[in-house]
Structures are given as C-alpha cells and as structure tokens.
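Here the structure comes first, spelled out in structure tokens, and everything after it is commentary.
Values below: every heavy atom of this structure, side chains too, minus hydrogens, waters and symmetry copies. In this chain, residues are counted from 1 in sequence order.
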Amino acid sequence: MTLDGYCDHTAIIPDEEIHKHYTQLLRNAGTVLYGRITYGLMESYWPALVKNPSGNKSMDEFAEAMDTIPKIVFSNTQNQVEWESARLAKGTVKQEVLELKQQAGKEILVASRSLIVHCLNLNLIDEFQLCIHPVIAGKGLPLLENVKHSFKFKLLKSKTFRGGAVLFYYQPIK
C-alpha cells in the first residue's frame, strides 16, 4: 500500500529484501485467497517467470514460492482457473475460511483488496499485516474501501525494510 492508502503494485518497487520477506511468508503459509481480478494479475505473470527466470535471484525465488502455494479463487463469473496450484472456491468466503481454519496447519493469506475487506467485515482476520511503501500514488484503489464499521487493532510488531517500506503486524481487538 502507498502512504496515501492506495493499492497499486505499479507505484512501488519491491526490492530484494521485500521479495525475500514475502518468499518466506509464502513458503510458511498453507493457502492464499484471491479474488478474480488479483488472481488474473498473478496468474498472467508469475507462472511465466517460473518457466523463464529473470536472473534476479530474489524475484525468481518469489516466483517459485508463488507458483507452488495452493490458491483459492473467489469469482462469480470465472468458471475455471489455469494455474495448477489454484482452484475455484466451492463455497462462500466465510465457509471456505472457516473450513481452512479448522484444519491443522499453516496460515491462510488473503491477498486481494476486496477479500481483505470482506474477511474484515466478517471478523475472519486473526492478524493484519500492512506494508506501507514510502510513495504517494495520488490515485488508485483504496485498500480499506467498503469497510462496514470501525475496527480497533493492537500493534504486535513492525519491520522496517532498508528501502523505507514499513510492515505493521496488527491483531484485531474483539
């Protein structure tokens, strides 16, 4: 996210340190949840990078982690997915997340702006990780648009990257 609250991957430049951090996050997680639009962006880029590596070690390792982690895609219009490690959701967001939470195992990552807000509104978020990049985009899609009510969070920790991005780890106060 940018300093002015927008989600815009084209406005930020993830460096080696950020790629390494998120590679480790993906390797330690069990599932990533996507909406149709974000899934389409990811599916159109990362599998191709796995097949034709860039030569940038941290980015290529991130591509590998992204390629292998299981993905669940939520869509009202899409009836199939091409990525081998992806599947369409069988139930609602609430049903899928509650089922995943009952399984022993790794973390569930929510990686689409609309799903983050949807899960927040359903009180399904256990930890909120917010990475803010030192950029003002001036326009774009606001991360927390359509939140239905106020939420309070407790700061658990933060991590500052050398490039100036700061990652905040928050726990919802229920």
Does the side chain of [X] reach to within under 4.5 Å of the side chain of [Y], using non-hydrogen atoms?
X: Glu145; Y: Val117; result: no
X: Gln129; Y: Leu167; result: yes
X: Leu141; Y: Asp8; result: no
X: Ser112; Y: Leu33; result: no

Using only atom types and a distance under 3.5 Å, with no angle test, would you say the side chain of [X] pairs donor to acceptor with the backbone of [Y]?
X: Glu107; Y: Ala29; result: no
X: Asp67; Y: Pro47; result: no
X: Asp4; Y: Ile136; result: no
X: Thr38; Y: Tyr34; result: no
X: Lys101; Y: Leu124; result: yes
X: Arg36; Y: Val73; result: no
X: Glu96; Y: Lys90; result: yes

Would [X] and [Y] show up in the same hydrophobic cluster when neighbours are defined by side-chain heavy atoms closer than 4.5 Å?
X: Leu144; Y: Tyr169; answer: no
X: Leu155; Y: Phe161; answer: no
X: Leu143; Y: Phe74; answer: yes
X: Val135; Y: Leu3; answer: no
X: Leu122; Y: Val110; answer: yes

Ring geometry between [Y] and [X] (parallel below 30°, tilted from 30 to 60°, perpendicular above 60°):
X: His19; Y: Trp46; result: perpendicular
X: Phe128; Y: Tyr170; result: tilted
X: Trp83; Y: Tyr39; result: tilted

Dump the intermediate steps for side-chain contact (heavy atoms from CB on, under 4.5 Å) on His133 and Thr2, then the final yes or no. CA-CA 5 Å; His133 293 262; Thr2 61; 5.6 Å; no
Which pair of heavy atoms, one from [X] and one from [Y], lies closest together, and at what distance?
X: Ala111; Y: Val32; value: CB-CG1, 3.6 Å
X: Ile108; Y: Val97; value: CD1-O, 4.2 Å
X: Leu88; Y: Val81; value: CD2-CG1, 3.8 Å
X: Ser58; Y: Lys20; value: CB-CG, 4.2 Å
X: Ser158; Y: Phe168; value: CB-CD2, 4.0 Å
X: Phe153; Y: Leu120; value: CZ-CD1, 3.8 Å

Please indicate whether Leu98 has more than 12 foreign heavy atoms, meaning atoms of other residues, nucleotides or ligands, lying under 6.0 Å from its CG.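 Yes, enclosed.
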Neighbour count >12 (heavy atoms, 6.0 Å) for atom CG, Leu156: yes
Do Lys71 and Ser85 get their side chains close enough for a donor-acceptor pair, meaning under 3.5 Å?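 Side chains of Lys71 and Ser85: pair found under 3.5 Å.
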Salt bridge present between Lys159 and Glu17 (N-O < 4.0 angstrom): no
[atom1]/[X] to [atom2]/[Y] distance, rounded to the nearest 0.5 angstrom?
X: Cys7; Y: Ile12; atom1: SG; atom2: CD1; value: 9.5 Å
X: Asn121; Y: Phe151; atom1: CG; atom2: CZ; value: 5.0 Å
X: Met1; Y: Ile132; atom1: CE; atom2: CD1; value: 4.0 Å
X: Ile37; Y: Gln78; atom1: CD1; atom2: CD; value: 10.5 Å
X: Asp15; Y: Met59; atom1: CG; atom2: CE; value: 12.5 Å
X: Ile18; Y: Leu25; atom1: CD1; atom2: CG; value: 12.5 Å

One pair to check against side-chain contact (heavy atoms from CB on, under 4.5 Å): Leu26 and Leu109. What are the steps and the verdict? CA-CA 8 Å; Leu26 288 170; Leu109 304 177; 3.9 Å; yes
Go through the steps for Tyr22 and Cys131 under the test side-chain contact (heavy atoms from CB on, under 4.5 Å), then give the verdict. CA-CA 11 Å; Tyr22 284 102; Cys131 188; 3.3 Å; yes
The test is side-chain contact (heavy atoms from CB on, under 4.5 Å); show your working for Leu100 and Ile72 and say whether it passes. CA-CA 11 Å; Leu100 287 168; Ile72 300 174; 3.8 Å; yes
